[in-house]
J.: 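The following block contains the structure, expressed as structure tokens.
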Number of protein chains: 4
Amino acid sequence: MKIRVAIVGGTGYTGFELVALLQHHPRVQLTAITSQSYAGQSIAEVFPALRGVCSLVCESLDVESLSQQADFFFVALPHKTAMEVVAPLVRAGKRVVDLSADFRFRDAATYEQWYQEHTAKDLLAEAVYGLPELHTDEILSARLVANPGCYPSGVVLAAAPLVAAGVVELDSLIADCKSGVSGAGRAATLTTHFCEINDGFTAYKVGEHRHTPEIEQELSIVARRPLKVVFTPHLVPMSRGILTTLYASLAKDVANEDIGGLYRKEYGSAPFVRVLDGGHLPSTLHVRGTNYCDIGWRLEDRTGRIIVISAIDNLTRGASGQAICNMNLMCGFGEETGLQLRVWQP
Amino acid sequence: MKIRVAIVGGTGYTGFELVALLQHHPRVQLTAITSQSYAGQSIAEVFPALRGVCSLVCESLDVESLSQQADFFFVALPHKTAMEVVAPLVRAGKRVVDLSADFRFRDAATYEQWYQEHTAKDLLAEAVYGLPELHTDEILSARLVANPGCYPSGVVLAAAPLVAAGVVELDSLIADCKSGVSGAGRAATLTTHFCEINDGFTAYKVGEHRHTPEIEQELSIVARRPLKVVFTPHLVPMSRGILTTLYASLAKDVANEDIGGLYRKEYGSAPFVRVLDGGHLPSTLHVRGTNYCDIGWRLEDRTGRIIVISAIDNLTRGASGQAICNMNLMCGFGEETGLQLRVWQP
Amino acid sequence: MKIRVAIVGGTGYTGFELVALLQHHPRVQLTAITSQSYAGQSIAEVFPALRGVCSLVCESLDVESLSQQADFFFVALPHKTAMEVVAPLVRAGKRVVDLSADFRFRDAATYEQWYQEHTAKDLLAEAVYGLPELHTDEILSARLVANPGCYPSGVVLAAAPLVAAGVVELDSLIADCKSGVSGAGRAATLTTHFCEINDGFTAYKVGEHRHTPEIEQELSIVARRPLKVVFTPHLVPMSRGILTTLYASLAKDVANEDIGGLYRKEYGSAPFVRVLDGGHLPSTLHVRGTNYCDIGWRLEDRTGRIIVISAIDNLTRGASGQAICNMNLMCGFGEETGLQLRVWQP
Amino acid sequence: MKIRVAIVGGTGYTGFELVALLQHHPRVQLTAITSQSYAGQSIAEVFPALRGVCSLVCESLDVESLSQQADFFFVALPHKTAMEVVAPLVRAGKRVVDLSADFRFRDAATYEQWYQEHTAKDLLAEAVYGLPELHTDEILSARLVANPGCYPSGVVLAAAPLVAAGVVELDSLIADCKSGVSGAGRAATLTTHFCEINDGFTAYKVGEHRHTPEIEQELSIVARRPLKVVFTPHLVPMSRGILTTLYASLAKDVANEDIGGLYRKEYGSAPFVRVLDGGHLPSTLHVRGTNYCDIGWRLEDRTGRIIVISAIDNLTRGASGQAICNMNLMCGFGEETGLQLRVWQP
């Protein structure tokens, strides 16, 4: 049997990714897509790739009427706007995966320091941070899941087993991350103009990116004490993918096999993490279009450091694929349902 | 029930595409992959994207032993080498889709003029040219299907309805085609070096590309008289996709609606052709990773020309997706089985 | 001795290209840059590549005060806006190269049919179309030069010798052109978003691009009778460069040597056209960042066609480099002054 | 007056870059180019961009005859092969800039540990490491300059002022570097195949890249004690450019102005370093095709770290431009002669 699903904010890149993936989900009937900019237009006019695939027409956002149309909601709106929609939906008894930052923080003060005033604080306590490998049980029974940011997904999965095992110095973590341009969204800006991106490589928001507190929250939970992380995002001239290069100082003497053991213990039964053996290193190309997070590493005796590298697709594992995985858990479908996606090369 | 399928030559890009797509085909059990260069290696070592997805080990090619392992064969070898494998397989009663040029020509002389000596001419008569929209009935009962070249797939689908209806001058056809780099194969050459492709755009093999006689054969059949086509391939700095810009002089007074009618009549029930309305034009991005051929056009009264534009993914519709579609028809599966592929943007 | 030069509209891509190239022109002192959007900002803030290279501050546009600051003007404004600035400058006795379409047409009616009302028709008669190889003498004595469009530069140079010599059927010309994205300008639009361009290839404005009448005007002059050209522009995922693939039906029996002779006769002494021998074909990569137009061709006996291919850099030969070449001629500097630009690979 | 210059190994990307740049150097007459693979072919056949620009024919390498043809040599050969040519040239009284790693190390043991046996150890003492900002005086009087590796150029320039001033913990340095593909050379390999690079991002040789000891040598000299650096190279889908993201723990309390002061003190008079103010961050696009190294930084109080970012063009500042700068110093030409290169955007 299928559940009725709506996408609120379906004409950004994560919205599109949801539509494209949900077309092939055996337990989902997509019943509505809202869009502020394209209300009244067919989603296939907005995204011609969807011609003949999806015939829904974008609706303007009306929470009440929307509530009638679906039982499960993906909210892919910008933060702030998101909470204004999520809150009434949850209160109306709907289950929601919110792809914005609005419900990712356990502490409202952190949210308000990095974003703005929070207008639905009462829901923060019950909202679950939707990184399936870390919070499976809570997700299974959640009404509201806050889907992780794209960068935190790759960083936290790479770092958590090391932090949990105490093999690295907790305040030595540096995450140097590189993202494809779709992470910047679909809005037309000079920054995302082809000619400004092509053949160029830059860092941005160094020391001030809003995914920093999110990474710190999750790794602090794992560490069972507060920790800080240096996080530097970069923009790569490619459409999709995030590679994270994580640096940490070793706190103990460990061998390659030990590290492999830690990752396998943590992720051995997780269908969407691939732990690489034999010194293999991940590439964003190898996870393109999939929900996988590939993880490899190198111990560097010379300097007493470990370098861990993870690769994800920012739109799939870093957003919409993970959101669907969360829905699968929340609804009791198999975790992999609709997410056994074909791999790519090239 | 599943059939046992083997891929002969599985470590080029079309071989990879077959492996990746067949993982999700509900009627196929992939039993063997051969590779000259990688025999003995796991296919997931060759293509790390396949880690955890496919555990087969590449075998060296031995037709006899291979015959034991499968009932259906995809041969993704270079021409000439292909026929040496295809012929014994067919004679052993196996069904085969050959992705090389070796069995595409009805006239051995044409093959020998553009390629080299043909060593299995007896099979040319029974081999069917595997463009599903044009040769459905023959494919349904074929033992040996010659999968079309990537360029001919896009050109013939764009031109056939106009040629069939007699609305264009038969000797006015010019196909200006632009292909992504995967069309050049996976071999490491200076031509395909990133730095030689990136930021550059060129034509190649102008007036001498071997897909020319293939296009002419198929359109001559449609026209019921021999015709010639000017065909110019270009290399685009992108991985996948072919856009064809087809020019023809109008032989009659026609309106936009007439043209739309011709395309819809020809392809109305074809699941993998999307005829675009309202002057919309196709983009390779909109068919990326799918088996669709998108077709749009413009009538230019000023010059008495029609310009038809088609877009395909050269590895899917132009090779492996189409090959699987042919298998579906040959085996009595539904034409779309395993080919309802997710769409992309970006 | 140096002349004082101002750039009106210096913060688009052609404006930037002018600034960058003029820094190294031995006869030019750049005295002013205007910009509507960035008035008051240093040009090096707008384009960080210019840090330490150019210290000018963008001014808002005031024709009167601008007239005091320079003797020679490059106007790099959108059409319509351009003529409102060009006209008073010329009437004030200034010499001007206008990079817009406003003064490219000898016939105001053609302009008004494809663009809008013309408000400075009196200057059309004296304006010279600035394709140096075709109009050298007129440019030498011009006060106002209309710099050609990017596409017409590549198409007309490729076609003119054949048209002049009468070796091709005049109404058989088809120009299939492929441009890098900088041709679409620097404005932030969804069309030029990296993720909409990368890995995609499309045609646009088929049958309706405004460079069509410009190509037809120039080739009609060469042919000494009106002719029509089919012109189809495409967008390539690269920043710079235009490749033109020109098709024509042969009107006579000609050999390769004859064609080479025609091109060499026409362009033998032109410093910025390279006629390729021995069947070599141009690539946009080989002219990147230079003022060259490379031209190669193939005769196709099979179909009675000639295929001519030309490559230019759309921002240099297709805009700002050609504009500087026109200034060189107008001012009596050597044609190549400041334009002996380094070549690239990669 | 011009000096006679030869390029040994002129058909790789750094060789090409030397040829392209030296065409416009007012004090250089390029008299010979050698090439193992292309001996007997015109350099313009190898690199069509050079048609009409350079008419030299590649010669096979014969040190004796080469000695007759030039007074100054750029050796752009792979390491090991390089020293076999450099040694006899220097002994014959020629001045040489060697672009390989063969003479970069003061300690032969370090070279032999990371590369192989050194066969011209006697020249190591007199060879000067050619980073102009750090070793100006020695370069001025050198006969043999070892041109720095591409990565070390960007890393050492970013780190040296901080290390010299003692504001960072010496063993905290982490250099996360991202390079365009031309850094991998022009050889046709699967790694550099367009389809393997495009849309992908990876790290490579993590913990084992041979530029590591080079970075450590130079920064140890600056620090006046041995130090270790973590260095991780990545491959970016672009042709040119290296961005370095350097992390260090602060050893003292410093303000932004202090850091700016340190960089300006060190590089204030250096024509090819641009120290960015006001929190601006460099991009590889802004140094494309130039000899600039752009440097920006952020202090992160939260974590007690400084993040310094530098951008260079790997073929110009990271190889051939810097080599020409070294020649300028060695020959008493002005440091900037022939290197006032146009800037790019896009």
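Note that the coordinates shown come from a computational prediction; the quantities given were computed from them, not determined experimentally. Below, all heavy atoms of this structure are taken into account, side chains as well, without hydrogens, waters or symmetry copies. Proteins come first, then strands; the chains are lettered A, B, ... in the order of their sequence lines, and each starts at number 1.
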J.: Mind checking whether E216(C) and R302(B) have side chains closer than 4.5 Å, heavy atoms only?
T.: yes
J.: Heavy atoms only, distances under 4.5 angstrom: which of D176(B), T202(B), I242(B) has the most pairs with chain C? Name it, please.
T.: D176(B)
J.: Please state whether the side chain, the backbone, both or neither of H193(B) comes within less than 4.5 Å of a heavy atom of chain C.
T.: neither
J.: For T212(B), is it the side chain, the backbone, both or neither that has a heavy atom under 4.5 Å from a heavy atom of chain C?
T.: side chain
J.: Non-hydrogen atoms of chain C under 4.5 Å away: do they reach the side chain of V230(B), the backbone, both or neither?
T.: both
J.: Could you give the distance from SG (C195(C)) to CH2 (W344(B)), rounded to the nearest 0.5 Å?
T.: 12.0 Å
J.: Counting heavy-atom pairs under 4.5 Å to chain B, which of K228(C), R240(C), R305(C) comes out on top?
T.: R305(C)
J.: Using a 4.5 angstrom heavy-atom cutoff, name the option from D171(C), D199(C), I174(C), L285(C) with the most pairs to chain B.
T.: D199(C)
J.: Is it true that, when you exclude R224(B) itself, more than 12 heavy atoms of the residues, nucleotides or ligands shown sit nearer than 6.0 Å to its CZ?
T.: no
J.: Mind ranking D301(C), V236(C), T284(C), T303(C) by heavy-atom pairs under 4.5 Å with chain B and telling me who comes out on top?
T.: T284(C)
J.: At a 4.5 Å cut-off on heavy atoms, which part of V287(B) comes close to chain C: side chain, backbone, both, or neither?
T.: neither
J.: Answer with side chain, backbone, both or neither: which region of P237(C) has an atom nearer than 4.5 Å to a non-hydrogen atom of chain B?
T.: both
J.: Taking C-beta and beyond as the side chain, do E300(C) and E208(B) meet within less than 4.5 Å on heavy atoms?
T.: no
J.: If we only count heavy atoms from C-beta on, is the T232(B) to R298(C) side-chain gap below 4.5 Å?
T.: no
J.: Taking L243(C), I309(C), I197(C) one by one, which has the highest count of heavy-atom pairs under 4.5 Å against chain B?
T.: L243(C)
J.: Work out which heavy atom in L281(C) is nearest to a heavy atom in A203(B); give both atom names and the distance.
T.: CD1-O, 3.9 Å
J.: Ring-plane angle category for Y247(B) and Y247(C), please: parallel below 30°, perpendicular beyond 60°, tilted otherwise.
T.: tilted
